[in-house]
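Since the structure comes first, as structure tokens, the remarks are kept for the end.
Bear in mind that the values here come from a model prediction, so they are computed numbers and not experimental data.
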Amino acid sequence: MDCKQAILSNDVYDYITDFPIENLSNLEPVVCYQDINNIYNIVHLNSSAIPNLQVNFFEYRSVPKLYGLMQENVLLPGDVPFDPNNLFAAGIIQMQRSPLNLTGRGTVVCIIDTGIDYRNPVFLDESGRSRILAIWDQTIQTGTPPEGFLYGSEYTREDINRALQSEEPYAVVPSRDENGHGTALAGVAAGSNVRGELTYLGAAPEADIVVVKLKECKQYLREYYLIPDDVPAYQENDIMQAVNYADSFAIVSERPVIICIGLGTNMGDHNGSSALSRYLEITALRQNRAVVVCGGNEGEAAHHFQGDFRDSEEIDIGRVDIGTRLAGRYRDVEVRVAEGSSGFFLEMWGSLPDALNISVISPGGEAINPSRLGIPQSITYGFVYERSTVTIDTTLVEPSSGEELILVRLKDPTPGIWTFRVLADSSVGNGIFHMWLPISQFLNVPAYFLSPTPYVTLTEPAMASEVISISAYNASNNSFYINSGRGFSVNGNIRPDMTAPGVDISTVSGSRTGSSFATALTAGAVAQFMQWAVAERNMEFVNTRAIKSNFIRGAVRSEDTIYPNREWGYGKLNLEGIFDVMRGL
């Protein structure tokens, strides 16, 4: 099996590591590996040599996490005409006009998503030629991959222009966006109306565009994480490779790159410790790069629970846990599961110096006793009176975060209220723990905490400290979008950075809502700023941190709100406000 086959095969497991490859290449299961910018390696392992994908073989940080699209509703084209008010609210149209004429000229906006409809006229320049520099379609294997990459097919601007002139364009460039989400993001960030009447306008209508169409996740990961087959889900390692590809288009001091990611997940410690988050931080700190990520739509999903043992009374745990007789504390966390659930993946993260444990109680009252803490382990339990199965993986020290991690994989759960009894001994230190259920679209039927916590609901990688993290608001009435994710991080780091319009956003395929569209709008605004700063030599070297600082200073803040804020971050995006601050207004 060659490496390209291994990358695509469901019989090959993918493993993310920052170890030197020589430490792994002699292991029997290794088929091949991919290097990511001399920082990470994606190692591909023959599954026949590995009995199970579980925590006692794979470290949690090395198993690719799965990410979903962060959009809510879609109104079909024609239902709502193009509305520029969201662009006005963000101070974007004002800056497209004289005297600065900031339209993204000389910048590259990269959309990592579901692809792009390259035939749409909003992606053409005045002469009818494509503004798309390149498309890397990870799903098509018949063409040539980008240089330095081993899978997918790359289509250059020349290829796209030849396709546009052909009677059968998809015979020349077969890449399509069947979902439409990537096309919508690209239009919001960099759509253009130069060839006709004002029918559509994006934030940076003269920026060049690079697109990565992500391939769907492997089936073994979909089954492991219990994600429905019909839901788009994308692997962490493929997104990392997409970021690596986007970064290659930057020309320092000449052509900046803005990376837009409208994807999110509830997997991870919500402190930015994942491989993707850390790689994005490294990329974001490079000169003339900017990384903009969405905060997700999980604010009202009831998929986060925060517990605190510090004020609880000591009890004899033996009263609530058969076979255990010692002083300690417990918290019952209840999850209601609807009829017809195929299952879900739950993560519980403890905090130093505590060592917590967990018991699972079914709606019928059957209980699974806590696992023995210590070395990483994975144990599967069945129930006598129910067909459900529970697999509990325990890791006392998860290497990326240093925190305790317990994974609960509940398959075919009986409908009703499941109780997750979290137990601590009498020497509680920090006393705080967090639980997350999957993002909404990764559940085939609803499952939610009965006493949820609405904060710390930003999806990853929005918790990465160096990226620009965006929540969403409704610009028509200046209200926070109720479903938008909220901060801060678990450790109290200020996330999100700011909020942007994300409700009823005019796209090339109708009106759409979700934090991903707030992110695309912000990415376009960053391209406008990069034009002024880099392409026009006003601030020749900038990175995401410098851009973020400028955007925060220019953000709109209300007198009756304390900032930084868990919903609004440092305020509402206002590109015009950045230049007002510079002028001393």
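- Residues passing the ring pair (Phe, Tyr, Trp, His ring centres under 6.0 Å) test with Phe529 are Trp532, Phe551, sequence neighbours excluded.
- For NZ of Lys411, the number of neighbouring non-hydrogen atoms (other residues, nucleotides, ligands) closer than 6.0 Å is 12 at most.
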Review point. Step by step, would you call Glu334 with Phe449 a side chain to side chain contact (heavy atoms under 4.5 Å, CB included)?
Key: CA-CA 6 Å; Glu334 295 178 314; Phe449 293 109; over 6 Å; no

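- Atom OG of Ser277 is separated from atom CD of Glu236 by 7.5 Å, given to the nearest 0.5 angstrom.
- If you check the side chains of Ser516 and His181, you find a donor sitting under 3.5 Å from an acceptor.
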Exercise for review: Please assess Glu300 against Arg486 for the test salt bridge (charged side-chain N to carboxylate O under 4.0 Å, His left out), listing each intermediate value before the final yes or no.
Suggested key: CA-CA 10 Å; Glu300 286 292 301; Arg486 302 160 198 173; 3.1 Å; yes

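- Using a 4.5 Å heavy-atom cutoff, the side chains of Tyr234 and Leu69 are in contact.
- In this structure, Asn37 and Tyr279 have side chains that are in contact, with non-hydrogen atoms separated by less than 4.5 Å.
- In summary, the side chains of Glu178 and Thr114 do not present any donor paired with an acceptor at a separation below 3.5 Å, with no hydrogens or angles considered.
- Side-chain contact annotation: His434 with His270, donor-acceptor N/O pair under 3.5 Å absent.
- Between His304 and Trp436, the angle of the ring planes stays under 30°, which puts this pair in the parallel group of the 30/60° scheme.
- Side-chain contact, Asp238 with Tyr67: no donor N or O sits under 3.5 Å from an acceptor N or O.
- Under the 4.5 Å side-chain criterion, counting only non-hydrogen atoms from C-beta, Val542 is in contact with Asn288.
- With contacts defined as side-chain heavy-atom distances shorter than 4.5 Å, the pair Ile227/Phe345 does not qualify.
- Side-chain atoms of Pro438 and Asn266, non-hydrogen and from C-beta on, never get closer than 4.5 Å to each other.
- One side chain, Glu398 or Ser401, offers a donor N or O that lies under 3.5 Å from an acceptor on the other.
- Tyr118 pairs by the ring pair (Phe, Tyr, Trp, His ring centres under 6.0 Å) definition with Tyr170, not counting sequence neighbours.
- Both cation-pi conditions hold for Arg566 and Tyr455: the charged atom is under 6.0 angstrom from the six-membered ring centre and inside a 45 degree cone around its axis.
- To the nearest 0.5 Å, atom CD of residue Gln34 and atom CD1 of residue Ile42 are 6.5 Å apart.
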Point to revise | Test ring-ring contact (aromatic ring centres under 6.0 Å, His included) applied to Tyr60 and Trp349, step by step | key: CA-CA 12 Å; Tyr60 171 84; Trp349 293 82; 5.6 Å; yes

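- The aromatic rings of Phe433 and Phe305 sit tilted, their planes meeting at an angle between 30° and 60°.
- A 4.5 Å side-chain heavy-atom check between Val293 and Ile468 finds every atom pair outside the cut-off.
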**Study point:** Steps toward ring-ring contact (aromatic ring centres under 6.0 Å, His included) verdict (Tyr220, Tyr13)
**Key:** CA-CA 8 Å; Tyr220 83 88; Tyr13 291 158; 4.4 Å; yes

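- Here the straight-line distance linking atom CD1 of Ile7 with atom CG of Asn237 works out to 9.0 Å at 0.5 Å rounding.
- No side-chain donor-acceptor contact under 3.5 Å links Ser489 and Asn491.
- For Asp247 and Arg286, the salt-bridge test passes: some basic side-chain N is under 4.0 Å from an acidic carboxylate O.
- With rounding to the nearest 0.5 angstrom, the OG atom of Ser515 is 8.0 Å from the OH atom of Tyr481.
- The environment of Ile39 atom CD1 is dense: over 12 non-hydrogen atoms of other residues, nucleotides or ligands sit within 6.0 angstrom.
- Between the side chains of Asp354 and Asn430, not a single donor N or O lies within less than 3.5 Å of an accepting N or O.
- Applying the side chain to side chain donor-acceptor pair (under 3.5 Å) test to pairs two or more places apart or on separate chains, those with a residue in residues 542-563 are Glu466-Arg545.
- Looking at Lys213 and Asp113, no side-chain N of the basic residue comes within less than 4.0 Å of a carboxylate O on the acidic one, giving no salt bridge.
- Annotation: side chain of Val467 is not in contact with side chain of Pro461 (no heavy-atom distance under 4.5 Å).
- Atom SG in Cys260 sits 11.5 Å away from atom CD1 in Ile209 (nearest 0.5 Å).
- Inter-residue side-chain proximity for Leu405 and Met348 is flagged as unmet; no heavy-atom pair is nearer than 4.5 Å.
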